[in-house]
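Report on one structure; see the data block that follows.
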Amino acid sequence: MKQKTGHGNFLTHTGKNIARFFIYFIPGLFAVSCIFPVIWLAYTSFKSKTEYTVDILGLPSRFYLDNWKYVFQNLNLGHYLFNTGRITVLVILLTLIASFINGYFISRYEFKFRKFIFGAYMSNLFVPVHAVMVPTYILFVKLGFNNHWWSTILPVVCMELTTSTFLVNGYVSTVPVELEEAAAIDGSSFTRTLFTIMLPIIRPILTTVGIITFFHSWNEYAYSLIMFKNEKYYTISLALQRFQGEYFTDYPRMMTTIFACIFPALLLYSLFSKYIMKGMVAGAVKG
Amino acid sequence: MKSRLKPPKKVMVTYLLPILLVYFFIFIVPIIMAIYFSFFDFKNINVKTFIGLRNFKRLITDANVIISLKNNLYLVVVNLIGQIGIAFILANLLHSRLINRRIAELYRTVIYFPVTLSAVIIGCVWLLVYDYDYGLLNWFLRVIGREDIVTPWLGTLSTVMPCVSIPMIWQYIGFHLIIILSSMSSIDPGIYEMAEIDGAGGFRKAVSITFPLIKSTLGVCVTLCISANLKAFDHIVTMTNGGPGYGSTVLALYAYKVSFTQIDLGYGNTVSVSIMVVMLFILGVVNLIPKWINRKRGEI
């Protein structure tokens, strides 16, 4: 067997193979731990309770659909998915419009209170939602804004404005001003330039904003917890928690519910993983 | 670049003001209210009485606050080491020239996936691991014949905090991994080649080249990790709801419980405000450390 050379650090052939083994094996093992739970949930959703208790890891012996029927018919999971989806779509829309306008004006023009306004949007970073739970709750109850299907939309939009305003602001500053000046000379009105010229140009950053917002809104929990008292407005996070308390002894049913909640995110992720990773990290680092 | 074509004031106000008003109303006003309310005792939402600093006195003598704060700090330390440490090691392995680019990419994509899931889902999945009767962990222990260490993992005071932190570490390794990898990809490969010619091995390269060159990125990771764990809430509510007893309660959860389960809005709000104070204090200190070290170096 070859030994390491006298200088000690040059890897020989064998050494390189050992190194290669670890380089593939360690991250590989961790990657398996990340994807295995999803696969486990997926096939267990076709197992009956007795089958599960006999062998918790075994594959289903036949195509058992009762769990799925139960989850969508008795638990009415579709309704909670719809609630979450409805909120998410509106949150994304409002966040895109608001951050586009905020980012554009703050980046492009010098005006009174510009720094102050930008600072106000950024202050969100140091104030977690949990620090303002009580006053938000009181404010919403007094105005009668709590416990409607739309109750969490504006709070979540505001939560998202910090990162998204920051991202749009940064992106707009890289677009040359001459574009709008040329448009103005050609007689385009301000609003028209804003929406027909600027908007298409900054589409890449808005895609990023949309992705970040989707996941934050889809996974939102704290505001929903204090806003929704009525079960019919529950989002999937709240519904999952309630089911978990009530049906916890029926594992395959629980796992079917979890898998159904993961599925939309899984689908999106498998289609757009590159954008999603890039977008979410950009939001976190810069925000 | 600032534009010379400033639109009329009226146009600017029409665009900016509505959003700003909503934002102030939903986010800035509650911050001010939170500070103001911490001097009050609430009978209900509408009736409150001024009690001066009594909420704060109660806060610093409340044993549960101390436990919660300790648990928060435990999470911060364990997650800093676990998330960023493991992510740094994995990043170095995946950045190696010995690994096939495609496979490295696949690993990265798969490892990032848990980050996109909600904490409630992650909590539910891990409940299936820790469950006493049919959990994966106890099943595995029984299979390998270690029946003796089978316990209700989340129901035992000595194991609950480590067991709660493992899912949190596991979920967010991918997040820090991507940040670190993207920062590593901007390092000139020539530096590594030169180091290799000089005889540097993988470990040497990671410690002496990669680490100092991505220090500022690691700083961002540290800040994000600290603030995420000081506001830890969702995972813990799902997995243990703070139990057994107050064994795994964190500040945000305690504030929630006092406010909305015990319906003591005044004191609960004060506990909430303390999260903000602790966060600003710790982030301030952490950001001062590098400056302090640099100054010390400068003196020498």
Side-chain angles (χ1 to χ4, degrees), chain A residues 7 9-10 19-20 23-24 26-28 30-31 34-35 37 53 56 98 101-102 105 108-111 117 120 124 126-128 130-136 138-139 141 154-155 158 161 177 180-181 184 190 215 219 221-222 237 240-241 244 251 258 261-262 265 269 273 276-277 281 284-285, chain B residues 1-3 5-7 11-12 15-16 19-20 22-23 26-28 30-31 33-34 37 45 90 93-94 96 98-99 107 109-114 116-118 120-121 124-125 134 139 178-179 182 199-201 220 224 231 233-234 238 252 255-256 259 265 268-269 272-273 275-276 279-280:
Chain A
H7 293 297
N9 277 324
F10 273 108
R20 193 171 275 142
I23 284 167
Y24 277 96
I26 296 171
F30 189 70
C34 291
I35 201 65
T53 49
I56 60 174
I101 291 170
N102 278 342
F105 280 95
R108 265 302 189 252
Y109 306 107
E110 193 55 62
F111 52 92
I117 292 172
N124 209 329
F126 304 100
V127 186
H130 311 96
V132 291
M133 271 186 307
V134 174
T136 311
I138 292 177
L139 203 63
V141 169
L154 286 180
C158 289
L161 272 184
V177 199
E180 294 132 273
E181 288 174 352
F190 177 78
F215 283 102
N219 296 336
Y221 179 65
S237 295
L240 246 182
Q241 256 203 332
Q244 182 247 313
Y251 302 87
I258 300 174
C261 294
I262 292 180
Y269 190 73
S273 62
I276 292 169
M277 279 194 280
V281 168
V285 175
Chain B
M1 199 202 259
K2 297 279 174 279
S3 174
L5 286 173
K6 202 170 148 184
V11 176
M12 305 245 312
Y15 274 107
L16 284 171
I19 306 166
L20 193 64
V22 170
Y23 182 80
I26 288 185
F27 213 80
I28 306 290
I31 296 175
M33 281 165 81
F37 283 170
I45 292 180
L90 289 180
L93 294 175
L94 292 182
S96 158
L98 294 175
I99 194 167
Y107 281 174
T109 309
V110 171
I111 292 172
Y112 190 79
F113 178 64
T116 64
L117 298 177
S118 78
V120 175
I121 284 175
C124 286
V125 170
Y134 298 108
W139 170 82
I178 303 294
I179 298 181
S182 71
V220 174
L224 290 171
K231 59 187 182 195
F233 180 71
D234 309 6
T238 312
Y256 174 77
S259 316
L265 291 171
N269 174 60
S272 279
V273 170
I275 302 171
M276 202 157 41
M279 189 179 278
L280 286 174

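These numbers come from a predicted model, not from an experiment. In the text below, chain A, chain B and the rest are named by the order of the sequence lines, each starting its count at 1. Basis for what follows: all heavy atoms, side chains included, without hydrogens, waters or symmetry-related copies.
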_Worked verdict on A/Ile138 versus B/Phe37 for side chain to side chain contact (heavy atoms under 4.5 Å, CB included)_ = CA-CA 11 Å; A/Ile138 292 177; B/Phe37 283 170; 3.7 Å; yes

*Start with the C-alpha gap between A/His130 and B/Tyr256, add the side-chain angles, then the distance that decides, and say whether side chain to side chain contact (heavy atoms under 4.5 Å, CB included) holds.*
CA-CA 8 Å; A/His130 311 96; B/Tyr256 174 77; over 6 Å; no

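Rounding to the nearest 0.5 Å places CD1 of A/Ile26 at 10.5 Å from CG of B/Leu94. The CD1 atom of A/Ile23 sits 4.5 Å away from the CG atom of B/Leu98 when rounded to the nearest 0.5 Å. B/Ser96 OG to A/Arg20 CZ: the interatomic distance, rounded to the nearest 0.5 Å, is 8.5 Å.
Residues B/Ser118 and A/Phe215 are not in side-chain contact: their nearest non-hydrogen atoms beyond the backbone lie 4.5 Å or more apart. A 4.5 Å side-chain heavy-atom check between A/Phe126 and B/Met276 finds every atom pair outside the cut-off. A/Leu161 places none of its side-chain heavy atoms less than 4.5 Å from the side chain of B/Phe27. For the pair A/Cys34/B/Phe113, no side-chain contact is recorded, criterion being any heavy-atom separation below 4.5 Å from C-beta on. Taking the side chain as every heavy atom from C-beta outward, A/Pro128 and B/Met279 approach each other to under 4.5 Å. When side chains are defined from C-beta on, B/Thr109 counts as touching A/Tyr269, because their heavy atoms get closer than 4.5 Å. Using a 4.5 Å cut-off on side-chain heavy atoms (C-beta onward), A/Leu240 and B/Ile121 make contact.
Of the two parts of B/Leu265, the backbone and the side chain both hold a non-hydrogen atom closer than 4.5 Å to a non-hydrogen atom of chain A. Contact of B/Leu20 with chain A is made through backbone and side chain together, with heavy-atom distances under 4.5 Å. Residue B/Tyr112 touches chain A through both its backbone and its side chain, counting heavy-atom pairs closer than 4.5 Å.
For the set B/Thr116, B/Leu117, B/Ile31, B/Leu280, the count of heavy-atom pairs under 4.5 angstrom toward chain A peaks at B/Thr116. Between chain A and the residues B/Ile99, B/Leu90, B/Ile275, the largest count of heavy-atom pairs under 4.5 Å involves B/Ile99. Most heavy-atom pairs under 4.5 Å with chain B, from the set A/Leu139, A/Ile35, A/Ile276: that is A/Leu139. Among B/Asp234, B/Val273, B/Ile28, the residue making the largest number of heavy-atom pairs under 4.5 Å with chain A is B/Asp234. With respect to chain B, the highest number of heavy-atom pairs below 4.5 Å among A/Val141, A/Val132, A/Asn124 belongs to A/Asn124. Most heavy-atom pairs under 4.5 Å with chain B: of the set A/Ala222, A/Ser237, A/Cys261, A/Ala265, this distinction falls to A/Ser237.
In terms of modelled atom types and a separation under 3.5 Å, the side chain of A/Tyr109 and the main chain of B/Met12 share no donor-acceptor contact.
In this view, A/Pro37 and B/Val125, B/Trp170 satisfy the side-chain contact (heavy atoms from CB on, under 4.5 Å) rule, not counting sequence neighbours. A/Ile101 is linked by a side-chain contact (heavy atoms from CB on, under 4.5 Å) to A/Ile97, A/Phe105, B/Tyr15, B/Leu16, B/Ile19, counting only residues two or more places apart in sequence or in another chain.
Contact record, A/Pro27 with B/Tyr107: CB-CD1, 3.7 Å, taken as the closest heavy-atom pair. The shortest heavy-atom contact between B/Val110 and A/Ala31 is CG1-O, 3.2 Å.
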